[in-house]
Student: 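Below is a structure I'd like to ask you about.
Numbering of ligands and ligand atoms starts at 1, following listing order. In this text, all values refer to a predicted model and were calculated from it rather than measured experimentally.
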Amino acid sequence: MNTVAAPQEGAIRVALLGCGTVGGEVARLLTEQAGELAARAGVPVELAGIAVRRPDKHPELPPELLTADAEKLVTSDEVDVVVELVGGIEPVRGWLLAALKAGKSVVTANKALLAEHSADLFEAADAAGADLYFEAAVAGAIPLLRPLRESLAGDRITRVMGIVNGTTNYILSAMDSSGAGYAETLDEASRLGYAEADPTADVDGYDAASKAAILASLAFHTRVTASDVHREGIADVTAADLGAARILGRTVKLLAICERVTDDDGVESVSARVHPVMIPRSHQLAGVGGAFNAVYVEADAAGELMFYGQGAGGAPTASAVLGDLVAVARNRVVGGRGPRESAHAALPVRPMGQTPTRYHVSLSVADRAGVLAQVAQAFADHGVSIAAVRQSDVGDRASLVVVTHQAPDAALESTVDEISRLDVVHEVVSVMRVEGEDQ
Ligand code: HSE
């Protein structure tokens, strides 16, 4: 079987790696919108080959384009651009490095690969004078990486905070509206096709942590890898957490939070974390329901920006891939290149324990004299200032909610640990970090 079809004169020739939900849409749109794309790019953009694991499983695709040999396709003389939609680290990393070394530009949606190996990929792209674009790797259809990389390149970004995983947002939104528990809601999400058969990457926060690493790298001109990102998933979020949030007009979201933190000596560092968060229902991110994504960006000059849309799915993700392909084609037409890696700031990554956070702690305590004083003393002993206390009586017990001011996360964690061991505390009902309010 040929891997390469006869080229049109002057066309940009695309090797597509992977032809699942997104790849199928990319192949369809490249064919159906060939004329429009050529007009926008300034040159025809056409498929040169499609590498899939089992060509015989793709009767819908032109057989002359199909191959199982991705390694050979990516370095073919007939290919100008490699579009990678396979996912995972190996063997994809080797294919893309080989493609870049051979001078092919790369468009990829592979967040896990970029979150670990973007430095190597950018280095190979620089050495060959090739492009590396990856808009589809974070938040699907939402134009987010190009604004961070290009539109905001003249500004100083201080914060990128958002919902970058649709599966977990669907589950938390459903728990919030139904009052049901996590396991039951995950089962329902799987049954309805909102969660993968193996939901680990989504529910344990790995997917969001990879995306946070990419966002933090671009926003703060610093290499941040997935292992630099503090990660907690949603498996421990309970109906009690949602209930506690609701009482105070909040809801729970899994957020990726990337911040520029300046300490008392004026030294800057980057904090990148993914964990469940209570936010006020009035916050823009609280209204983002179902499987949608939304990312909130703060920059010195631009102020607050909000990006919202579909973070997954065939056509939405293909939209981002095709936008990148057109960019690569336009660069080729003028003999230029897109943006290179910008990691000049090389800020240190701040450990989670030293990152300033705020906690919401909901307790069931004995309702007698001195209990509140003991709880308050535990916060004081760890240097944590209390912002608000709310008590309501339930029989001979009291429900006590404490919301703190900002303190180092490790101090807050130690405080909760000490409180949980106090005799007067019957149960720690809910502990969650709070965002989106005055500090
Ligand atoms: N699995 C991801 C999500 C989509 O649930 O949002 C791809 O990044």
Side-chain angles (χ1 to χ4, degrees), residues 17-26 83-89 92 107-116 118 133-145 148 160-175 182 185-218 226 229 231-235 237 252-258 274-277 285 288-296 307-321 323-324:
L17 309 185
C19 206
T21 316
V22 180
E25 278 297 309
V26 169
V83 173
E84 185 268 310
L85 300 169
V86 174
I89 308 285
V92 173
V107 172
T108 174
N110 192 328
K111 63 222 149 204
L113 179 65
L114 288 159
E116 289 297 344
S118 62
Y133 280 93
F134 43 94
E135 184 65 63
V138 181
I142 305 173
L144 176 63
L145 304 191
L148 292 178
V160 180
M161 176 168 95
I163 296 163
V164 293
N165 183 270
T167 305
T168 48
N169 199 54
Y170 177 87
I171 292 170
L172 291 174
S173 302
M175 285 174 73
Y182 167 73
T185 311
L186 172 60
D187 283 350
E188 178 75 354
S190 304
R191 202 177 57 73
L192 296 173
Y194 284 102
E196 303 271 355
D198 177 1
T200 311
D202 294 316
V203 299
D204 287 349
Y206 290 99
D207 175 83
S210 292
K211 292 167 177 170
I214 295 169
L215 292 172
S217 299
L218 297 182
V229 179
R231 177 188 53 78
E232 295 171 30
I234 63 164
V237 176
V252 176
K253 294 290 186 189
L254 183 78
L255 297 188
I257 304 172
C258 310
V274 167
H275 53 71
V277 169
L285 293 174
V288 177
F292 276 81
N293 283 193
V295 177
Y296 177 77
F307 298 83
Y308 171 86
Q310 297 189 69
T317 309
S319 163
V321 170
D324 282 353

Student: Do any N or O atoms from the side chain of N110 and from the backbone of I89 form a donor-acceptor pair under 3.5 angstrom?
Tutor: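 Looks like no, no N/O pair under 3.5 Å.
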Student: Going by the atom numbers of ligand 1, which of them fall below 4.0 Å from some non-hydrogen atom of N165?
Tutor: 2 (C), 3 (C), 5 (O), 6 (O)
Student: Give the atom numbers and elements of ligand 1 that come within less than 4.0 Å of a heavy atom of A312.
Tutor: 4 (C)
Student: Can a donor-acceptor pair be found, under 3.5 Å and without considering hydrogens, that links the side chain of N169 to the backbone of A291?
Tutor: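 No, the answer is negative, given that no donor and acceptor are paired below the 3.5 Å cut-off.
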Student: Can you check whether E135's main-chain N or O pairs, donor with acceptor, with D324's side chain at less than 3.5 Å?
Tutor: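 Flag set: sc D324 to bb E135 pair under 3.5 Å.
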Student: For atom 5 (O) of ligand 1, grab the closest protein heavy atom and report residue, atom and distance to one decimal in Å.
Tutor: T167 OG1, 2.6 Å
Student: Below the 3.5 angstrom mark, is there an N/O of E196, backbone or side chain, next to an N/O of ligand 1?
Tutor: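 For ligand 1, there is no N or O atom that lies under 3.5 Å from one belonging to E196.
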Student: Would you give the length of the straight line joining atom CD1 of I257 to atom OH of Y296, rounded to the nearest 0.5 angstrom?
Tutor: 12.0 Å
Student: Give the residue, atom name and distance (to 0.1 Å) of the protein heavy atom nearest atom 6 (O) of ligand 1.
Tutor: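 Scanning the protein heavy atoms, the shortest distance from atom 6 (O) of ligand 1 goes to G166 N, 2.6 Å.
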Student: So if I count the atoms of ligand 1 from 1 in the order they appear, which ones are less than 4.0 Å from some heavy atom of K111?
Tutor: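 Answer, ordered by atom number: 7 (C), 8 (O).
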Student: Is there at least one pair of N or O atoms, one from D202 and one from ligand 1, spaced under 3.5 Å apart?
Tutor: yes
Student: In plain terms, say whether D207 and K211 are close enough for a salt bridge, that is, a side-chain N and a carboxylate O under 4.0 Å apart.
Tutor: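 Answer for the salt bridge query: yes.
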Student: Test of understanding: given a 4.0 Å heavy-atom threshold, classify the contact between D207 and ligand 1 as side chain, backbone, both, or neither.
Tutor: side chain
Student: Answer yes or no: is there a donor N or O on one side and an acceptor on the other, between the side chain of E84 and the main chain of L17, under 3.5 Å?
Tutor: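 Absent.
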